[in-house]
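So you know, we letter chains A, B, ... as the sequences are listed, proteins then strands, and number each from 1. Keep in mind it's a predicted model, so treat the numbers as computed, not measured.
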Amino acid sequence: MSESASNTPVNFIHQIINDDLASGKHSGRVHTRFPPEPNGYLHIGHAKSICLNFGTAQKYGGLCNLRFDDTNPEKENLEYVESIKASVKWLGFDWDDRLYYASDYFDQLYEYAIALIRQGKAYVCSLTPEQAREYRGTLTEPGRPSPDRERSIEENLALFSRMKSGEFPDGAFTLRLRIDMASPNINLRDPVIYRIKHQHHHQTGDTWCIYPMYDYTHCISDALERITHSLCTLEFEDHRPLYDWVLDQLDVPAHPQQIEFARLNIDYTVMSKRKLKQLVDEGLVSGWSDPRMPTLEGLRRRGYAPEAIRHFVDMVGVTKSNSLVEVGQLEFCLREFLDATAPRAMAVLRPLRVTLTNVPAEHAERLVLPRHPKNPALGEREIPFGRELFIDRSDFEEVPPAGFKRLVPGGEVRLRGAYIIRCDDVVKDAAGRVSELRCSCDLATLGKNAEGRKVKGVIHWVPAAEAIPVEVRLYDRLFNHPAPDAAEGDYRDHINADSLQVLRDALVEPSLAAAVPEQRFQFEREGYFVVDRFDSRPDALVFNLTIGLKDSWTKP
RNA sequence: UGGGGUGUCGCCAAGCGGUAAGGCACCAGAUUUUGAUUCUGGCAUACGUUGGUUCGAAUCCAGCCACCCCAGCCA
């Protein structure tokens, strides 16, 4: 694990844990949990929670559970369960044998509910959702007691039992906590803890037709697992009094401390599951794992490295202030990791034929280049060099803009890892489009400078005969507004229409013939690319652009 | 206008009464057979605001302002 020996100061949660450890609060234990609801795919925002929870456990030599918060079967399914497990593992974390489901506790939760009824702290309510809303009051006015609030314990017990046995239709009754209808905290105004839902559950099948609510389930699940620190996002701050209230009424094995932190937001994307699901359902992207999606599956397919994501999360820190982090920061971490680890290769995205007129057709030289400029351990690769080759169309201009360092008519340029060439002739097709460059090669410039002149430009190339045709998918950000959510109009109005460009005529150097899915490379002077994990085949490679190289050349 | 939170450089973020860390971005140079990488230097008399306490305040107190969250039988 990347035990980032970073000098990042301890965040406020770790300060709390340090204090707890010092005071012996949880008898020296640190036990956290990552509790996703299986109602969608995990995204980069969840990465923060995963790294925080699993990372905290690691840091303190404690444990972290993976627990599915599966109390609403309506929105959940097994596909989501599986993808969540895969994403957590991909990110580099392991829950060992501690995989739990809130639904594992349905029996115990039911018994605890009966205990609450017996204490007169819960009652069966017949108010409809509309009525309940009315009775709840508003932000500034207190609520009123439900007509059922004083129902007898015996009656509540009987009714709750009948709810469970399926005697009533959905919505007929709810079980509510009896707390305080006048509380300034609306969460304490007799919250519903059980509702009737005749709904098949992905874990418990048709065993249940009543399902517990989050507020009631989460604290008890934490307690049963003897979690010490229950980390969640800011919007649950108001729920903490309820979390504590429930545990205070019950005889549970522990009373975990809920601590809230700010969720991660990144610009130029959306992070809500509802919107991500909408993008998928409306076909605006190819699926949850579309390389443009901020989902962990999407980032994975795009070529993001777990190491980079972990470093990023570490870098932005954990606080209670809402923030919008620039994607640039994520991209920095990505490039940093990829630059250090990705083998280099040459790929020509938009080929332009070059014939070296002074090199005989039978010239068959094999150049040997390092796979990495700074890490010799990555080895070397061989590239055939001969009379015919391809360069990228963007590396030649008939009428170059000021500052253009590449090939121009009559000009010279270095072929990366090879020789210096001069463009003697520009051949055009019937339509007037440049179709070929006829150049001469200075055979005295391999590994050394040209004599008597300075050649600044270096361009990449591939040998014509042995280059491998591949498909390249160029990705750009999905939205062209830094805050699609906050922008005027619908967030979909800000989708970047050019976020995907497919190039079918690209060519890569022959050393890439054996590239396998998910293998990452730097295509020199272009960017980092990854072999697509789903669509690439050995005889038809597909590369996804992960992220371009930084480009400081500002064209005039 | 009830309750709960947050406000330190363009973006993150340290700081916990002793006189503004760091990263990203940006700018300027150097090296470079990737206009990449690397390297060097620059980048908040200022901490939402107004008062107060103090020898001394981003840090303590009070008022004000801005922004976020809460009225699901969602999580």
- Message: Regarding B:G23, can its base be found pairing with the side chain of A:Q329 as donor and acceptor, where the two atoms are less than 3.5 Å apart?
- Response: yes
- Is any NZ, NE, NH1 or NH2 atom of the basic residue among A:R33 and A:E225 found under 4.0 Å from an Asp or Glu carboxylate oxygen of the other? no
- Item | Rounded interatomic separation in angstrom, taking CZ from A:F12 and C1' from B:G5 | 11 Å
- Query: Counting just side-chain N and O atoms, does A:Q15 come under 4.0 Å of either OP1 or OP2 of B:A14?
  - Reply: no
- Item | RNA chain B: 5'-proximal contact among A:K405 and A:G328 (nearest heavy atom) | A:G328
- With sequence neighbours excluded, give me every side-chain hydrogen bond (donor to acceptor under 3.5 Å, both in side chains) pair touching residues 165-176 of chain A. A:R162-A:E167
- Query: Looking only at atom P, what distance separates B:C68 and B:A30, rounded to whole Å?
  - Reply: 47 Å
- Query: With a 4.0 Å cut-off on heavy atoms, is A:G447 in touch with a base, just the backbone sugar-phosphate, or nothing at all?
  - Reply: base
- Mate of B:G7 across any strand shown (Watson-Crick or G-U wobble, both atom pairs under 3.5 Å) is B:C65
- Note on the structure: Counting primed atoms, P, OP1 and OP2 as sugar-phosphate and everything else as base, the B/S/- map of nucleotides 37-44 of chain B against protein heavy atoms under 4.0 Å is BS------
- Heavy-atom protein contacts under 4.0 Å, nucleotides 68-75 of chain B, coded B base, S sugar-phosphate only, - none: SBBBSBSB
- Message: What is the separation between atom CZ on A:F261 and atom C1' on B:G4, rounded to the nearest whole Å?
- Response: 18 Å
- Task: Just call it for A:A262: base, sugar-phosphate, or nothing, with non-hydrogen atoms closer than 4.0 Å on any strand.
- Result: nothing
- Of all the nucleotides listed (B:U33, B:G35, B:C24), which has the minimum atom distance to the side chain of A:R414? B:U33
- Item | Main-chain N/O of A:Y41 paired with A:T295 side-chain donor or acceptor, under 3.5 Å | no
- Message: Is the ring pair A:Y491/A:F479 parallel, tilted or perpendicular, if the boundaries are 30 and 60 degrees?
- Response: tilted
- Under 3.5 Å, is there an N or O donor on one side and an acceptor on the other linking the side chain of A:E141 and the base of B:G2? no
- Query: With respect to A:I227, which candidate in A:P256, A:S221, A:P35, A:C219 satisfies the side-chain contact (heavy atoms from CB on, under 4.5 Å) definition?
  - Reply: A:P256
- Look at the aromatic rings of A:Y243 and A:H218 and report parallel, tilted or perpendicular, splitting at 30° and 60°. tilted
- Euclidean distance for C1', B:A14 against B:A58 (whole angstrom): 12 Å
- Query: With rounding to whole Å, what would you report as the distance between B:C11 and B:A57 at their P atoms?
  - Reply: 27 Å
- Would you mind classifying the nucleic acid contact of A:K320 as base, sugar-phosphate or nothing, using non-hydrogen atoms under 4.0 angstrom? sugar-phosphate
- Counterpart base for B:C26, defined by Watson-Crick or G-U wobble contacts under 3.5 Å: B:G42
- Item | Along RNA chain B (nearest heavy atom to each residue), the more 5'-positioned of A:G317 and A:T445 | A:G317
- Once the angle between the rings of A:Y101 and A:F68 is folded into 0 to 90°, is it parallel (under 30°), tilted (30 to 60°) or perpendicular (over 60°)? parallel
- Look only at the side chain of A:R520 and the backbone of A:Y528, and say whether a donor-acceptor pair between them is shorter than 3.5 Å. no
- Whole-Å P distance, B:G7 and B:U49: 14 Å
- Query: When all nucleic acid strands are considered with a 4.0 Å heavy-atom cut-off, which category describes A:Q522: base, sugar-phosphate, or nothing?
  - Reply: base
- Message: Taking only the C1' atom of each, what is the distance from B:A13 to B:G51 in whole angstrom?
- Response: 29 Å
- Contact class for A:L446 (heavy atom, under 4.0 Å): base, sugar-phosphate, or nothing? base
- Task: Could you tell me whether A:G457 contacts a base, only the sugar-phosphate backbone, or nothing, with contacts defined as non-hydrogen atoms closer than 4.0 Å?
- Result: nothing
- Message: Whether A:S321 contacts B:A13 is assessed here as follows: a side-chain N or O lying under 4.0 Å from the phosphate OP1 or OP2. Is that the case?
- Response: yes
- Message: Closer than 4.0 angstrom, basic N to acidic O: yes or no for A:E37 and A:K273?
- Response: no
- For B:A25 versus B:U53, give the span between their C1' atoms, rounded off to a whole number of Å. 40 Å
- Message: Would you call the rings of A:F523 and A:F529 parallel, tilted or perpendicular, taking 30° and 60° as the class edges?
- Response: parallel
- Message: Heavy atoms only, 4.0 Å cut-off, all strands: where does A:F404 land among base, sugar-phosphate and nothing?
- Response: base
- Which residue, A:D392, A:L474, A:L549, forms the side-chain contact (heavy atoms from CB on, under 4.5 Å) with A:E526? A:D392
- Message: Which is it for B:G5, anti or syn, if anything within 90° of zero counts as syn?
- Response: anti
- Query: Heavy atoms under 4.0 Å, any strand shown: does A:P142 hit a base, just sugar-phosphate, or nothing?
  - Reply: nothing
- Query: So what does A:R344 touch, heavy atoms closer than 4.0 Å: a base, only the sugar-phosphate, or nothing?
  - Reply: base
- Message: Taking any heavy-atom pair under 4.0 Å as a contact, classify A:R406: base, sugar-phosphate, or nothing.
- Response: base
- In whole angstrom, give me the gap between the C1' atoms of B:U59 and B:C67. 22 Å
- Query: Taking the P atom of each, how far is B:U33 from B:A21, in whole Å?
  - Reply: 38 Å
- Give the rounded distance in Å between these two atoms: NE2 of A:H14 and P of B:A14. 12 Å
- Which part of the nucleic acid, if any, lies within contact of A:T319, taking any heavy atom under 4.0 Å across all strands shown: a base, the sugar-phosphate backbone alone, or nothing? sugar-phosphate
- Message: Salt bridge check, A:D485 against A:K275: does any charged N sit closer than 4.0 Å to a carboxylate O?
- Response: yes
